[in-house]
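Right, one structure below, let's go through it.
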Amino acid sequence: MSYIVAEKLTKKYGSGDAAVKAVSDVSFQIEAGEFVGLMGESGAGKSTLLSIMGAMNTPTSGTFVVDEIDIYELSSEQQADFRREFLGFIFQDFYLVPYLTVFENIMLPLTIVEKNRKQKQAMVQNALDQVGLLEKATRLPNQISGGEKERVAIARAIVNEPPVLLADEPTGNLDSKTSADIMKLLQTFNSDGMTIIMVTHSEACAQYAHRLMQVSDGKIVVDQPLSGRYLAN
Amino acid sequence: MTLKEISIKNLIRRKGKAFFVLSGLVIGVSTVVGIISYIEAMTSDINHKLEKYGANILIVPRTENLTLTYGGLSLGGVSFEMQEIHEADLAQVSSIKNARNIAALGPLVLGVVEVNSHKVLLAGVDFKASAILKPWWQLRGQLPDENGVVLGVEAARILRLNTGDRFNIKDQNFGVSGILQPTGSQDDQLVFARLNTAQALFDKIGRVSMAEVAALCHDCPIDAMVKQISDALPGAKVMAIQQVVKGRMQTLGQFKKFSFGISGVILLIGSLVVLVTMMSSVRERTDEIGIFRAIGFRKRHVMKIIFLEAAILSGLAGIMGYMLGWGSTKVAVNLFIDGHSGIVPFNIELAAGALILALFIGLVSSTYPAVMAARLDPGEALRTLQMQDQHSFLSRYYLQTMRFNLYQEMS
């Protein structure tokens, strides 16, 4: 059985005649260690699909299984535990907590983890090192650039060493050079075994993925492997 | 980093809101503390003054014989024939539950004697106890020895006696050691001698006609004390001087009720201030809470953050509220209570009560916002924010386009 299995996922918003299908009867499987790019036009249903994969949006019908765990059979608190243990999120708008320093923002997912302070600090240092922000640890989010904010968001997503990383347009607000740096970083994580599912509008960014899913009108219309020039392996 | 650190940092960041919550609670708590402290100070002051009024409980023999009026009260049967109280029995009064609240116990022997062809009431009293029981007494002269008496001003006038004069009662010679200044009471009409002198004169050794008790103070319920003394002296009738006690206590009771009502309203307003501010804070922090939930915070973690914030502010408000209320009371007693010492003691129980009250109000008022925050669906929260971001982006875009068009037209 594949690591991630989506079976006939459907998500409707509204009801009756006003109901809109954001995701319609979508099925796919993703193996552990894959890097999947999810593309499509605005409103195609990519973000909805990503939020369903992130255990944050209960589908109207269908099942979503990760590591043989049927996510939407779990209670909301168990889903929170699942997110903490299995998933790392990178949001398009960073969503850093403005009153916490870079170091504290990265430590946020570890706040509720049963580890001692030294272990947590070591994990944050490691994440900071991986994204190259060691010297900016004490800065507040409003004291760093957009690219650095994205790196902080990435470090926060990987600090708990989750097996799956979900990224929603991680380079949406960045220039092309910074975007390339971020993509290389994601590629490094992927080569270390992390499964990455990334929503993007950018074809250049999509070239870093192993596999591309094209979403249109809530359906996956293209699902194909990629062998672009940026592939690490 | 811990949840507590997140709460503290958020409070520091949102100083305005924190200050607003703190102010609401401090005003509420300090008002309650101020009112309670002020009432305590008033009660203490009234009790102190009541003690100055002297005796407020009377112990008389249980009889239906001759009546005699004293201090506007019926003293029951005080006569030669009736059964008097044994002086030794009065010792039982010191064993009642509220014995420590008894300021003075004054046995009294009453009898009619003839002086200079006038019949007059002679009272044998314990002059030491009388200093507390009748603080209004102002004696011109000295306290009497075993063969001396003190005269009420009217008695001295009618008997035509002055300090130093001598006269006979039942063939026994007595000297006038002093005369009381006018009291406006029945004491003006009496002749006072030492208790043992009067007992010997009336042949009532070891017996008394009645006893007066000064017992009003902060925590001695007069009715309960009357019952306790009645139980200790089954052969006696015990009465409170109700008109003095009840009138003042009733006024104080009404003031207390009114004050507590006002305090309740102020606390309710304080609670609403906390509720509204915390709700607004939660709404403002939709993104943060969405992130917390998205990265795996359980509902209880989110609630804990909100409750910690409320507890920190409430704890501070409890301490500050007590100090402010205490200080205000000090100022108020100096301004409004004449003759008060101005000393309002630090009341550890009230301080602890203020802290608990503040915490209770803060936490109860924060429950709904905390539940609301915990129920926030992470996907929904982040989706709403994305829509807001898109909306603000579009707004900025249209604004810039309009400015550009305007600039083009102008140039």
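Source: prediction; values computed, not measured. Chain naming here is simple, since letters A, B, ... match the order of the sequence lines and numbering starts at 1 in each.
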Thinking salt bridges, do [X] and [Y] make one under a 4.0 Å N-O criterion?
X         : Y         : result
Asp81(A)  : Arg298(B) : yes
Lys120(A) : Glu104(A) : no
Lys4(B)   : Glu309(B) : no

Practice task
Sort Leu87(A) into side chain, backbone, both or neither according to what part of it lies under 4.5 angstrom from a heavy atom of chain B.
Solution key: neither

Practice task
Side chain from CB out, backbone as N, CA, C, O: work out which of these in Pro162(A) comes under 4.5 Å of a heavy atom of chain B, or both, or neither.
Solution key: neither

Problem - side-chain contact (heavy atoms from CB on, under 4.5 Å) partners of Gln143(A), counting only residues at least two apart - result: Arg139(A), Leu140(A)

Handout entry: Worked check of side-chain hydrogen bond (donor to acceptor under 3.5 Å, both in side chains) between Ser280(B) and Lys17(B)
Key = CA-CA 9 Å; Ser280(B) 137; Lys17(B) 279 203 157 52; 3.1 Å; yes

Exercise for the section: Name the region of Ile12(B), side chain, backbone, both or neither, that has any atom closer than 4.5 Å to a heavy atom of chain A. Expected result: neither

Problem - Residues in residues 262-273 of chain B near chain A [non-hydrogen atoms, under 4.5 Å] - result: none

Problem - Top of Arg156(A), Gln79(A), Arg83(A), Gln78(A) for chain B proximity - count of heavy-atom pairs under 4.5 angstrom - result: Arg83(A)

Handout entry: Glu284(B)-Ser281(B) side chain donor-acceptor pair, cut-off 3.5 Å
Key = no

Problem - Ring centroid separation Phe35(A) to Phe189(A) under 6.0 Å - result: no

Problem - Phe89(A) ring center within less than 6.0 Å of Phe91(A) ring center - result: yes

